[in-house]
There are 2 protein chains.
Amino acid sequence: MTTAQRPTLEAVARRAGVSRATVSRVVNGSTTVAEEIQEAVRRAVAELGYVPNLAARTLVTQRTDSIALIMPEAATRVFSDDQVFPGIIQGVSQELEAADKQLVLMLAGSAAGHDRVERYTLGRHVDGVLFASLHGADPLPGTLARAGIPAVCSGRPLDDSVPYVDVDHLGGVSRAVAYLLDAGRQRIATIAGPQDMVAGIERLAGYRDTLAAAGHPPLVAVGDFTRESGAAAMRQLLDRHPDLDAVFAASDLMAHGALRTLREAGRRVPDDVAVIGFDDIEMAAYTDPPLTTVRQPIKEIGREMTRLLLRMATGQPFEQTVILPTELVIRESA
Amino acid sequence: MTTAQRPTLEAVARRAGVSRATVSRVVNGSTTVAEEIQEAVRRAVAELGYVPNLAARTLVTQRTDSIALIMPEAATRVFSDDQVFPGIIQGVSQELEAADKQLVLMLAGSAAGHDRVERYTLGRHVDGVLFASLHGADPLPGTLARAGIPAVCSGRPLDDSVPYVDVDHLGGVSRAVAYLLDAGRQRIATIAGPQDMVAGIERLAGYRDTLAAAGHPPLVAVGDFTRESGAAAMRQLLDRHPDLDAVFAASDLMAHGALRTLREAGRRVPDDVAVIGFDDIEMAAYTDPPLTTVRQPIKEIGREMTRLLLRMATGQPFEQTVILPTELVIRESA
DNA sequence: TTGTATGCGTTATCAC
DNA sequence: GTGATAACGCATACAA
């Protein structure tokens, strides 16, 4: 367990009988080094098990070749088998892989966590920052932008401080509600998402607008995108509006919770009550009955955010806003 | 959008009319600085928006105050609404929060990703490394250990290179199978996990042993812990052993897939076929019928791994192995 | 093509 | 209590 003094450029240079500069050139793939010397250096590197010290390199190059993806939620929420964050992570991950950059995932749920993330990103530990969903008016994106650190959000930041990528919430919701209306549903309720998040706000607005246009009254209960909250909201709705015959839930997870409540209440789906979710996570095809839902291209959000960020970081032209399409996926629950 | 030259210690020092050393002392909370000077320095820091350059600090302190959690899976698998990884992340996150260390999550699914992670960790970009599940015989833990970088695995590494934390797979499985036997089930099948992962191997072993002890033959199909693979494995089992009356699935997700296949095949659960899963993820209470399963304290695994690592990193005594208990949670599927 | 010298922004070891 | 000054490990402009 000897914390063996790790080899430095200097050590490799001595071993190979050359200068530090030459070793550095070889390590960084410069072609202006004689073949045989390259060979000798490479052998020395292998023998000593040399690995460049990233901090030292960063200090001089001003680059870290890694970018941060920040989840401003408690770890609990982020990964509570909601597939939205994971989907974004996938997309980001794929795109960064292609650019040979390291993904650094950071959770900023607590106040302390948020501080730590701020120190970390502002401390130039990453070349750019991606925000996966913002709660309320987080000042961090703006702060980063002012510090000259490229940043991109998913969903419009309330202060318009940085470019963002989002999906067409309104279009998706209105198609879902229109579908229920077309099917002759008369009492269409909704289980809305948290009202301090863009996704929660926009989906509720879409529901209200479409329903109002058709001359129907809104029946609203609010959840927080989790399954448990969906189950509770459904109980509330059944209580207040026993005659409802359809529900649009702002997330598949809440729809799943609602399904359970409806089963417990003896309501058949879709015969008595039609249910439509939002997201189209993998689980949606496995609920009983399989869930009709609004699909959003989650992974694509991650990819687009990353492309945008990389363009910003390399000084290429970039767009301020990217909006991706949504689509109604019809299964059996409605 | 001016990439404003960010202020350094030097700039703050000039502004406050003191030396760099003094500014450094104040920034790092040294008490040996006169109150009024501290005040002046703090003001200068605020005015300039100074944030320490982490690379520079790391270069001299040899610490990064961040630790890596490595997921050696494709992003796809890691977050495919399997709740195991998310649970570990939660536990790790909580424990690191308490230690005021930054969590750096890294995906090492592809070969390129694995390389990048190797460079990153070996490059001393983190103070320690946590491995969430290993596939086959990954040499990285051993390499890190040799380089003097603290590392901990979840599940025993095949080469015993580093300390690890795991749960009592065998005990949990044998309790589940014994429960089925006690209920009078005669033809008990299993949907095993991937056989290049400790969890997959041990759970299958537990099934075989317990069944053999009772004089029953093993009926095995292999999946990869995903829902889809569980559904497929169940079809295979029904095909080969139409008379089976119970199934133990090595993960809740596979159990969920099996449930779907059984429904499609017209088998009632638990009347015709009893089903038991493993994990007890949140979803288990929401399946139809709710899933009987072996609970493993997932979050606790993450916490224990982290505690172990932090002890290693600070030179405190630590144990080579930590085994956590499992428990049979009885619901309605068996 | 290769080596020398310098600087990146901190912290830490000294004197004062 | 405070200020010079020397590392830390690397990349690079410049000289040879």
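Hydrogens, waters and symmetry mates play no part in the numbers below; they use all other heavy atoms, side chains included. In what follows, chains carry the letters A, B, and so on, assigned in the order in which the sequence lines appear, proteins first and then strands, with residues in each chain numbered from 1.
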(request) With a 4.0 Å heavy-atom cut-off, tell me which residues in residues 37-48 of chain B come close to DNA chain C, sorted by residue number. (result) none

(message) Tell me every residue that passes salt bridge (charged side-chain N to carboxylate O under 4.0 Å, His left out) with B/Asp127, counting only those two or more places apart in sequence or in another chain.
(response) none

(request) Would you mind listing every salt bridge (Lys or Arg N to Asp or Glu O under 4.0 Å) that reaches into residues 85-95 of chain A, with sequence neighbours excluded? (result) A/Glu95-A/Arg303, A/Glu95-A/Arg307

(message) If the condition is salt bridge (charged side-chain N to carboxylate O under 4.0 Å, His left out), which residues does B/Arg43 pass it with, not counting sequence neighbours?
(response) none

(request) Take the protein atom CD of B/Glu10 and the nucleotide atom C1' of C/dG9, then report the distance between them rounded to whole Å. (result) 10 Å

(request) Apply the test side chain to side chain contact (heavy atoms under 4.5 Å, CB included) to residues B/Arg57 and B/Val27: give CA-CA distance (whole Å), side-chain angles for both, the deciding distance (0.1 Å), then the verdict. (result) CA-CA 12 Å; B/Arg57 172 180 287 174; B/Val27 169; 4.1 Å; yes

What side-chain donor-acceptor pairs closer than 3.5 Å can you find for residues 148-162 of chain A, not counting sequence neighbours?
| residue | atom | partner | partner atom | Å |
| --- | --- | --- | --- | --- |
| A/Ser154 | OG | A/Ser133 | N | 3.1 |
| A/Arg156 | NH1 | A/Asp160 | OD1 | 3.3 |
| A/Arg156 | NH1 | A/Asp160 | OD2 | 2.9 |
| A/Asp159 | OD1 | A/Ser161 | N | 3.3 |
| A/Asp159 | OD1 | A/Ser161 | OG | 2.9 |

What does the list of N/O pairs under 3.5 Å between the protein and nucleotides 12-16 of chain C look like, with a distance for each?
none

(request) Identify, with sequence neighbours excluded, every residue that meets salt bridge (charged side-chain N to carboxylate O under 4.0 Å, His left out) alongside B/Arg116. (result) A/Glu97, A/Asp100

Only distances under 3.5 Å count here; give the side-chain donor-acceptor pairs of residues 35-42 of chain B to other protein atoms, sequence neighbours excluded, each with its distance to 0.1 Å.
| residue | atom | partner | partner atom | Å |
| --- | --- | --- | --- | --- |
| B/Gln38 | OE1 | B/Arg42 | NH2 | 2.6 |
| B/Gln38 | NE2 | B/Val33 | O | 2.9 |

(message) Test of understanding: with salt bridge (charged side-chain N to carboxylate O under 4.0 Å, His left out), list the residues that count as partners of A/Glu118, not counting sequence neighbours.
(response) none

(request) Mind calculating the distance between CG (A/Leu59) and C1' (D/dC10) to the nearest angstrom? (result) 8 Å

(request) Take the C1' atoms of the five end pairs on each side of the helix from C/dT1-D/dA16 to C/dC16-D/dG1, get both axes, and report the angle to 10 degrees. (result) 40°

(request) Mind jotting down which residue pairs meet the ring-ring contact (aromatic ring centres under 6.0 Å, His included) criterion with at least one end in residues 86-122 of chain A? Sequence neighbours excluded, please. (result) A/Tyr120-A/His125

(message) Nearest to the B/Val18 side chain among D/dG3, D/dC10, C/dT10, which nucleotide is it?
(response) D/dG3

(request) Taking side chain to side chain contact (heavy atoms under 4.5 Å, CB included) as the test, write out the residues that go with A/Thr58, two or more places apart. (result) A/Thr64, B/Ala55

